[in-house]
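To start, the structure under review is shown below, and the notes come after it.
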Amino acid sequence: MTELAQILAARIRAHGPMSLADYMADCLLHPAHGYYTTQNPFGTAGDFITAPEMSQMFGELLGLCLAQAWADQGAPDPFTLAELGPGRGTLMADILRATKGVSGFHAAMRVVLVEASPRLRAVQGQALQRFAPVWVSAVQDLPPHPLFLIANEFFDALPIRQFERAGFGWRERLVGLSGDALAFGLGPVVPIAALDHRLSATAQGQIVEICPAAPAIMAEIATRMGPQGAALVIDYGGWQSLGDTFQAVQGHKPVDPFATPGQADLTAHVDFAALAAFAHPLAHAYTTQGALLSVLGIAQRSARLAQNLSGAALQSHLAATQRLTARDEMGTLFKVLALYPAHHPAPPGSH
Ligand code: SAH
């Protein structure tokens with residue numbers, strides 16, 4: 001049993017079963033035993049590999065997309081260039097390298113990173129030292145300037161609650177104990193106002209998920225953005241989620257989410273319809289990662305980079321291009337939600 005498992009089991013014995021969201025929150029961000037606070041999740045030696053860690057092209061193309069949106073809106077100065085959950089800082093470093101030549105962009109920007117993990121803040125600081133980034137703990141703390149924002153694999157790390165349809169109500173899936181082991185149980189049948197709109201299209205026993213932190217985060221992004229800005233949210237998921245998408249990954253393999261709390265990455269699919277609705281009154285565009293990267297010119301960029309590569313480096317570059325864009329790989333599993341004030345054009349390629 002991990003130390004965190006013992007802490008959580010003691011809490012459940014004292015106070016009863018906890019929501020899946022509370023379980024995920026402790027597993028991911030417990031100050032002493034949380035996954036993001038203690039582990040080194042990224043890359044081949046870690047537990048999973050994200051798009052920016054796979055290829056520099058991801059950040060370059062999305063950075064230029066944001067810079068074009070900024071230029072299309074009259075190049076506001078100053079503006080906030082923000083990232084939610086920057087991991088190792090690779091995506092932001094690629095964005096900043098690619099946008100160096102965009103006239104006025106670097107002079108006008110303030111780089112702000114929203115990061116909960118002190119350990120990852122230190123890693124990001126090393127990658128981005130030259131750009132004097134500022135860290136904040138939540139979107140509420142972003143400065144009141146035009147906001148150009150990116151979030152890759154951030155929302156999938158936010159805790160979710162799960163509910164099972166029961167008659168015209170719902171039973172929450174709760175984390176309790178079976179003997180000494182952590183296990184799922186079901187709470188009593190209750191009405192859930194936030195799920196009323198799901199009653200017409202769910203069958204008995206089906207599971208729906210909600211992300212309790214998402215409404216406030218999206219509302220805050222919409223308020224901060226006001227009349228100027230754009231946000232790109234990239235993640236796996238779909239347009240309105242249905243079913244159990246909670247998963248644990250360790251060493252690039254799925255594992256039992258209750259076996260090693262604090263040592264496995266826990267995620268759930270992102271419900272983009274919910275994010276778009278919470279971001280009212282911003283306009284939105286929704287596409288796949290593969291489609292967006294193609295429109296932004298990944299084939300041309302990939303061919304250009306390939307000219308200077310050979311052998312294993314070339315193979316791995318071509319494999320990464322394929323993985324980022326191909327159907328049934330990240331190309332269609334990952335979606336992009338672009339948010340922008342309705343009187344401006346959508347960021348290039350997002351429609
Ligand atoms: N965007 C990066 C890393 C994704 S992993 C990439 O593409 O490689 C998720 C990131 O979100 C980590 O940096 C993690 O520490 C951060 N994070 C998770 N939950 C958070 C929260 N509630 N508030 C702020 N940051 C959070």
Side-chain angles (χ1 to χ4, degrees), residues 21-31 33-63 66 81-96 111-128 133-142 149-160 211-218 220-221 231-237 247-250 252 262 264-270 275 289 293 320 323-324 330 333-336:
D22 288 343
Y23 177 73
M24 284 181 78
D26 269 325
C27 288
L28 293 176
L29 291 171
H30 186 283
H33 307 291
Y35 180 72
Y36 284 112
T37 31
T38 62
Q39 309 284 312
N40 196 0
F42 308 101
T44 33
D47 294 309
F48 58 89
I49 180 155
T50 59
E53 300 296 336
M54 223 172 271
S55 168
Q56 66 185 76
M57 296 183 293
F58 184 80
E60 291 172 346
L61 294 168
L62 295 179
L66 276 183
L81 180 63
E83 181 174 358
L84 309 185
R88 297 176 54 197
T90 310
L91 173 57
M92 186 53 85
D94 291 337
I95 290 175
L96 293 171
V111 177
V112 183
L113 307 173
V114 180
E115 174 58 65
S117 157
R119 204 181 53 79
L120 287 175
R121 282 186 184 199
V123 177
Q124 293 153 17
Q126 298 217 317
L128 300 168
V134 170
W135 283 269
V136 297
S137 300
V139 281
Q140 281 80 346
D141 304 321
L142 288 171
L149 176 147
I150 192 158
N152 183 57
E153 293 211 39
F154 170 76
F155 285 92
D156 67 49
L158 295 182
I160 54 148
C211 174
I217 293 175
M218 298 317 288
E220 202 63 44
I221 288 174
L232 295 175
V233 175
I234 309 106
D235 228 308
Y236 49 103
Q247 59 178 3
V249 165
Q250 200 168 358
H252 299 268
D265 184 39
L266 302 181
T267 61
H269 283 197
V270 172
L275 295 190
Q289 174 174 308
L293 293 177
R323 220 168 139 193
L324 287 176
M330 296 178 87
L333 290 177
F334 277 68
K335 311 296 194 302
V336 184

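For the numbers below, each heavy atom of this structure counts, side chains included, while hydrogens, waters and symmetry mates do not. Start at 1 and go down the list; that is how both ligands and their atoms are numbered.
Closest heavy-atom approach to atom 2 (C) of ligand 1 among the candidates A151, G85, S117, G89: G85.
At a heavy-atom cutoff of 4.0 Å, ligand 1 is contacted by the side chain of L29 but not by its backbone. If you look at A116 next to ligand 1, the close heavy atoms, those under 4.0 Å, come from the backbone and the side chain alike. For E83, every heavy-atom contact with ligand 1 shorter than 4.0 Å involves the side chain, none the backbone. Residue contacts with ligand 1, taken as heavy atom pairs separated by less than 4.0 Å, involve T50 solely via side-chain atoms from C-beta onward. Within the 4.0 Å heavy-atom criterion, the part of L158 lying near ligand 1 is the side chain and not the backbone.
Within ligand 1, the atoms closer than 4.0 Å to a non-hydrogen atom of L120 are 12 (C), 13 (O), 15 (O), numbered from 1 in the order shown. The ligand atoms of ligand 1 that sit less than 4.0 angstrom from a heavy atom of F42 are 3 (C), 5 (S). The atoms of ligand 1 that sit less than 4.0 Å from any heavy atom of G87 are 2 (C), 3 (C), 13 (O). Residue P52 approaches ligand 1 through these ligand atoms, each under 4.0 Å from one of its heavy atoms: 6 (C), 7 (O), 8 (O).
Taking every heavy atom of both residues into account, P52 and D94 meet most closely at O-OD2, 4.2 Å. In terms of heavy-atom proximity, S55 sits nearest to L324 at CB-CD1, 3.9 Å. Of all heavy-atom pairs between D235 and F154, the closest is OD2-N, 3.4 Å.
Nearest non-hydrogen protein atom to atom 5 (S) of ligand 1 is Y36 OH, 3.5 Å. At the top of the distance list for atom 7 (O) of ligand 1, counting protein heavy atoms only, stands N152 ND2, 2.7 Å. Protein heavy atom closest to atom 4 (C) of ligand 1, with residue, atom name and distance, is E153 O, 3.3 Å.
The shortest side-chain heavy-atom distance between M330 and L293 does not fall under the 4.5 Å cut-off. A 4.5 Å side-chain heavy-atom check between N152 and F58 finds at least one atom pair inside the cut-off. For the pair F334/T50, no side-chain contact is recorded, criterion being any heavy-atom separation below 4.5 Å from C-beta on.
Between L84 and ligand 1, a contact under 3.5 Å exists for no N or O pair. Considering both main-chain and side-chain atoms, F154 never comes within under 3.5 Å of ligand 1 through any nitrogen or oxygen pair. Inclusion of E115 in the set of residues having an N or O under 3.5 Å from an N or O of ligand 1 is warranted.
The one candidate from D141, V114, L113 that meets the side-chain contact (heavy atoms from CB on, under 4.5 Å) condition with W135 is L113.
S117 places a side-chain N or O within donor-acceptor distance of the main-chain N or O of Y36, the cut-off being under 3.5 Å. Between the side chain of Q250 and the backbone N or O of D265, no donor-acceptor pair lies under 3.5 Å.
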Subject >> Pair T267-Y236, side chain to side chain contact (heavy atoms under 4.5 Å, CB included): steps then yes or no >> reply: CA-CA 10 Å; T267 61; Y236 49 103; 2.8 Å; yes
